[in-house]
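This report concerns only the one structure given below.
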Amino acid sequence: MSKQFDVVVIGAGPGGYIAAIRAAQLGFTVACIDEWKNSTGGPAPGGTCTNVGCIPSKALLQSSEHYEHAAHHFADHGIDVKGLSLDVARMIGRKDTVVKQNNDGILYLFKKNKVSFFHGRGSFAKTVAGGYEIKVTGATDDAMVAKHVIVATGSTARGLPGADFDEKNILSNEGALALDAVPKRLGLIGAGVIGLEMGSVWRRLGAEVTVLEGLPTFLGAVDEQIAKEARKAFDKQGLKIELGVKVGAIKSAKKGVTIAYTNAKGEPQTLDVDRLIVSIGRVPNTIGLNADAVGLTLDERGAVAVDNECKTNLPNVWAVGDVVRGPMLAHKAEEEGVAVAERIAGQHGHVNFNTIPWVIYTSPEIAWVGQTEQQLKTEGRAYKSGTFPFLANGRARALGDTTGMVKMLADAASDEILGVHIVGPMASELIAECVVAMEFKASSEDIARICHAHPSLSEATKEAALAVDKRTLNF
Ligand code: FAD
Ligand code: NAI
């Protein structure tokens with residue numbers, strides 16, 4: 001008789017491994033199947049996020065920021081560095097260690113929570129009495145019957161036709177995080193989140209970086225005022241961003257990559273680079289799932305079709321994270337994983353899509369939650385706006401990092417906070433207070449009346465709230 005589990009999760013990225021742990025906490029017997037292999041062929045749970053996404057990119061952003069500080073900013077503090085040098089192999093090695101710590105951490109958590117882990121590809125075999133038969137192939141060959149299945153198979157990088165990823169010259173996020181040397185000239189196609197984060201890493205380390213973006217607006221999903229401020233900072237750093245381009249033929253040769261494109265004026269151009277990163281979005285990953293075997297419906301984008309509660313068209317089959325609609329963010333995947341496990345247990349799991357924070361970990365960082373000013377205008381909603389610059393914040397001055405601002409948008413009548421947009425130091429941490437505030441339907445006055453530690457960057461959030469009522473104290 002094959003193994004039986006209450007819940008089988010396919011994929012151990014942030015959506016899958018968190019769903020598995022929560023389901024186990026709720027008393028179910030749980031298996032989690034993941035096929036990611038580390039450099040020696042062993043299991044590497046954690047998905048894109050841990051292996052080639054959130055974690056390694058933040059490790060390299062940190063290392064490259066240290067390098068940039070040592071090279072250009074320590075002197076402002078009276079610290080002179082002589083003979084500064086860069087060991088890319090050691091930097092990448094440190095990043096790999098951080099990744100491995102996270103892989104091992106997840107394996108430990110599976111043990112602690114009694115989640116059975118299977119290393120290999122999980123696929124639907126057939127519908128059987130009492131559930132679904134799931135096959136495991138690859139590193140492990142196995143089979144099991146699942147009463148509930150949670151599909152959490154994530155996403156992969158979208159390529160450009162005629163420019164396949166070889167991870168040597170034409171790189172996806174995987175190659176972009178594993179370069180063995182700093183390219184002299186680095187090209188990126190797509191000025192989205194990956195383009196800006198990866199462009200920042202390699203620019204800080206000395207590459208001449210050019211980013212080609214198809215849209216005429218910079219960071220169209222970000223509040224316009226914040227995007228403008230960020231663009232100013234990136235221009236100053238020397239990150240070359242060309243908007244409104246149309247990319248044509250891409251030729252890869254031994255000596256590098258040539259990209260033919262037309263600029264915003266429609267003039268033909270060529271860009272010669274040593275390496276090219278293509279970061280034009282990601283596609284849901286259902287390859288290998290054998291969805292047809294059980295009649296699992298995919299949508300027109302190839303994502304697993306789900307309703308608001310992550311239910312698919314099949315009874316007791318759920319899907320979460322990048323493989324379904326919605327933002328492709330690790331914390332969104334995790335929230336859906338928890339909510340699904342709780343729904344399986346008959347509880348009322350819930351994900352509030354209106355309060356999912358976004359962070360771009362550039363310098364300055366960009367973070368936001370809720371609606372942008374342009375969205376409120378389009379909706380015709382009456383709103384008030386308050387901004388406070390970090391230039392007027394004591395902690396930011398002490399840090400030597402005064403770029404940017406906090407901007408708060410509140411309903412004109414009720415004062416409920418509708419959105420908060422931050423560009424500046426530690427925006428990724430500052431946004432958490434704003435998420436809590438919005439989740440509790442706080443007004444801007446609530447934030448303005450709360451005592452914030454001094455000196456701290458969070459005082460800029462309080463001051464932005466005061467600015468909504470036109471009564472900043474320090475500006
Ligand atoms: P994934 O993390 O993609 O995990 C899916 C897992 O399923 C993988 O391990 C895969 O091998 C496995 N799998 C697939 N099919 C099968 C199968 N048939 N059988 C067995 N296993 C299978 N998000 C943030 O919130 N913050 C960030 O800072 C951030 N930075 C990023 C940086 C980069 C460079 C990239 C590329 C992404 C980043 N993201 C970030 C996005 C984030 O990584 C994803 O949103 C998140 O990983 C999605 O989680 P998931 O569990 O849905 O899928
Ligand atoms: P993205 O959607 O953020 O940006 C893609 C960019 O490429 C867009 O600006 C788009 O207009 C442009 N583009 C698309 N096709 C193009 C073409 N043919 N020519 C020129 N430009 C083109 O996607 P990205 O950067 O690949 O990242 C994928 C996802 O991964 C993000 O949307 C995000 O969900 C997640 N991610 C999150 C991070 C974070 O939370 N800090 C960091 C990195 C990725």
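The figures that follow rest on heavy atoms only: side chains count, while hydrogens, waters and symmetry mates do not. For reference, positions follow the sequence shown, starting with 1. Every number for a ligand or one of its atoms is a count from 1 in the order of the listing.
By the 3.5 Å distance cut-off applied to N or O atoms, Glu197 is not counted among the residues near ligand 1. Residue contacts with ligand 1: Glu35 is placed with a nitrogen or oxygen under 3.5 Å of a nitrogen or oxygen of the ligand (distance criterion only). Residue contacts with ligand 1: Gly15 is placed with a nitrogen or oxygen under 3.5 Å of a nitrogen or oxygen of the ligand (distance criterion only). Residue His331 has at least one nitrogen or oxygen atom sitting less than 3.5 Å from a nitrogen or oxygen atom of ligand 1, judged on distance alone.
Residues passing the side chain to side chain contact (heavy atoms under 4.5 Å, CB included) test with Pro284 are Arg301, Ala303, Val323, Met328, sequence neighbours excluded. Every residue meeting the salt bridge (charged side-chain N to carboxylate O under 4.0 Å, His left out) condition with Asp235, not counting sequence neighbours, appears here in chain and number order: Arg231.
Salt bridge absent: Lys228 and Glu224 never bring a charged side-chain N and a carboxylate O closer than 4.0 Å. Of the charged side-chain nitrogens involved, none lies within less than 4.0 Å of a carboxylate oxygen, so that Asp274 and Lys184 do not count as a salt-bridged pair. No salt bridge links Arg325 with Asp299; every basic N to acidic carboxylate O contact stays at or beyond 4.0 Å. Look at Asp223 and Lys407 and you find a salt bridge, because one of the NZ, NE, NH1 or NH2 atoms lies within 4.0 Å of a carboxylate O, short of that distance.
A parallel orientation is assigned to the rings of Trp358 and Trp368, their planes being inclined by less than 30° (bins at 30° and 60°).
Looking only at protein heavy atoms, the nearest one to atom 2 (O) of ligand 1 is Thr48 N, 2.9 Å.
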List ligand 2's nitrogen or oxygen atoms that come under 3.5 Å of a protein nitrogen or oxygen, with the partner atom and distance.
| from | atom 1 | to | atom 2 | distance (Å) |
| --- | --- | --- | --- | --- |
| ligand 2 | 3 (O) | Val193 | N | 3.1 |
| ligand 2 | 9 (O) | Glu213 | OE1 | 2.7 |
| ligand 2 | 9 (O) | Glu213 | OE2 | 3.2 |
| ligand 2 | 11 (O) | Glu213 | OE2 | 2.6 |
| ligand 2 | 21 (N) | Gly214 | N | 3.0 |
| ligand 2 | 23 (O) | Gly281 | N | 3.4 |
| ligand 2 | 25 (O) | Val193 | N | 3.3 |
| ligand 2 | 25 (O) | Ile194 | N | 2.9 |
| ligand 2 | 26 (O) | Gly281 | N | 2.8 |
| ligand 2 | 34 (O) | Met328 | O | 2.6 |
| ligand 2 | 40 (O) | Val359 | O | 3.4 |
| ligand 2 | 41 (N) | Glu197 | OE2 | 2.9 |
| ligand 2 | 41 (N) | Val359 | O | 2.7 |

For residues 210-217, dump all side-chain donor-acceptor pairs below 3.5 Å to protein atoms at least two apart in sequence or in another chain.
| from | atom 1 | to | atom 2 | distance (Å) |
| --- | --- | --- | --- | --- |
| Glu213 | OE1 | Ala191 | N | 2.7 |
| Glu213 | OE2 | Leu215 | N | 2.9 |

